[in-house]
Amino acid sequence: MTTRKRKNSLLPQSESASDQTDAEPLKRLNQCQFDTNSVPQHLSPYFSMRESIRLTYSFFNQPCIDLAKAFLGKVLVRKLTDGTELRGRVVETEAYLGGEDKASHSAGGKRTERNTAMFMKPGTIYVYPIYGIYLCMNVSSQGEGAAVLLRSLEPLSGQDVMRGLRAAKRKAGAKILKEKELCNGPSKLCQALDIQRCFDRRDLATDTEVWLERDPEREIDCAGEVVSAPRIGVESHGEWATKPLRFYLRGHPCVSVLNRDAERQTQSSTDLRNTEMERTV
DNA sequence: GGTGCGATCGCCT
DNA sequence: GGCGATCGCACCG
């Protein structure tokens, strides 16, 4: 495996993140979390900041592919009944377009009891069980039956609680999970954030137990750092299996499955800058 | 590290 | 009755 040094990137180096240094890139990213001390003293840090960074209907009301990319870098927050807030940055998503998208549960406009949430207003949560034992979480977008699957998060806070929730579903004596292993898969993130089946059809824009925030410290245009690759686990759906509808942050250690071919084909903004510099020098 | 396989049950045909 | 937008573990090199 080749290890490519990255320049000018706010993202960690996944390739070089060996086990013993695994927590380091995450720590560096965590230092970018917003600082309530920056809020003017006469305002309540909690309410003023929280209101301004929570994403509302207008964010979710965009075409599916746009929303899938827009999710990257945003922070999913889960508030437990005891008040504990679990937070994770979205680093990997997939777009399911509905209609002609044969890999979508809503392919052909098919509407069932299970997938009703996909047809509800943008921002509606669609939670469904898979393989009898797992759950996956989607969020509906613009477009009939279209939704975005949340595949991976970078844990930002509440990691110990997440580890406990994940361990509860594993064999006793299983190895302690590393931080990057807590939410690196669609069902893993549901376990780690205690996303339950009853969250189906709830509104991510207004719910009191789960919501999405932008990260004011990381309002960067990461379009050039997004890798587009075929979706996972849809191989049986012909041409739709090969369409690049999975999106992830290049080089991030919490991505569930890397696709080196797609990474080569999706040139990063760093590469583009370097190419541009080489051309002008 | 990469790969292969079994678990397990709700949903849909 | 068959299958699946997954995961964990054993095994191999």
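We name chains A, B, ... by the order of the sequence lines, and we start the count at 1 in each one.
In this view, A:R264 and A:D261 satisfy the salt bridge (charged side-chain N to carboxylate O under 4.0 Å, His left out) rule, not counting sequence neighbours. Residues that satisfy the side-chain contact (heavy atoms from CB on, under 4.5 Å) test with A:D203, not counting sequence neighbours, are A:K121, A:A205, A:T206. Not counting sequence neighbours, A:A167 has no partner by the side-chain contact (heavy atoms from CB on, under 4.5 Å) test. Partners of A:E235 by salt bridge (charged side-chain N to carboxylate O under 4.0 Å, His left out), not counting sequence neighbours: none found. A:D82 pairs by the salt bridge (charged side-chain N to carboxylate O under 4.0 Å, His left out) definition with nothing, not counting sequence neighbours. The salt bridge (charged side-chain N to carboxylate O under 4.0 Å, His left out) check on A:E100 picks up nothing, with sequence neighbours excluded.
When all heavy atoms of A:V90 and A:L249 are compared, the pair lying nearest together is O-CD1, 4.3 Å. Of all heavy-atom pairs between A:L165 and A:L86, the closest is CD1-CD1, 4.1 Å.
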Under 3.5 Å between N/O atoms: give me all the protein pairs with nucleotides 10-13 of chain C, atom names plus distance.
none

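Enclosure of atom NZ in A:K243 by more than 12 non-hydrogen atoms of other residues, nucleotides or ligands within 6.0 angstrom is indicated.
Within residues 131-150 of chain A, the residues that place at least one heavy atom under 4.0 Å from DNA chain B are, in residue-number order, A:Y131, A:G132, A:I133. Proximity of residues 114-121 of chain A to DNA chain C (heavy atom under 4.0 angstrom from any strand atom) is restricted to A:M118.
Separating the CD atom of A:Q191 from the C1' atom of C:dG8 is a distance of 11 Å, rounded to the nearest angstrom. Rounded to an integer number of Å, the gap from A:Y128 OH to B:dC9 P is 18 Å. In this structure, CG of A:L182 is placed 15 Å from C1' of C:dC7, rounded to the nearest angstrom. The separation between A:R111 atom CZ and B:dT13 atom P is 15 Å, rounded to whole Å. If you measure from atom CG of A:N184 to atom C1' of C:dT6, you get 12 Å, rounded to the nearest angstrom. Straight-line distance from the NZ atom of A:K110 to the P atom of C:dG4: 11 Å, rounded to whole Å. If you measure from atom CZ of A:R260 to atom P of B:dG1, you get 11 Å, rounded to the nearest angstrom. In this structure, A:H105 atom NE2 and C:dC3 atom P are separated by 16 Å, rounded to whole Å.
For residues 128-143 of chain A, the set of pairs meeting the side-chain hydrogen bond (donor to acceptor under 3.5 Å, both in side chains) definition, not counting sequence neighbours, comprises A:N61-A:Q142.
Neither OP1 nor OP2 of C:dG8 sits under 4.0 Å from any side-chain N or O of A:K175. The phosphate of B:dC11 has neither OP1 nor OP2 within less than 4.0 Å of any side-chain N or O from A:T112. For C:dT6, the OP1/OP2 oxygens have a side-chain nitrogen or oxygen of A:R151 closer than 4.0 Å. The side chain of A:R166 contributes an N or O atom lying less than 4.0 Å from OP1 or OP2 of C:dG8.
Annotation: side chain of A:V234 is not in contact with side chain of A:W240 (no heavy-atom distance under 4.5 Å). Inter-residue side-chain proximity for A:I125 and A:I195 is flagged as unmet; no heavy-atom pair is nearer than 4.5 Å.
With C:dC7, C:dA5, B:dG10 as the candidates, the nucleotide lying closest to the side chain of A:R197 is B:dG10. Out of B:dG10, C:dA5, C:dT6, the shortest distance to the side chain of A:S187 is found at C:dT6.
Within the hydrophobic cluster formed by Ile, Leu, Val, Met, Phe, Trp and Tyr side chains joined at under 4.5 Å, directly or through other members, A:V257 is accompanied by A:I232.
Helical stems of DNA chain B (runs of at least 3 Watson-Crick or G-U pairs, donor-acceptor distances under 3.5 Å) are listed by first residue: B:1-7 with C:6-12, B:9-12 with C:1-4.
Remark: the A:N184 side chain and the A:K188 side chain contain an N/O donor-acceptor pair separated by less than 3.5 Å.
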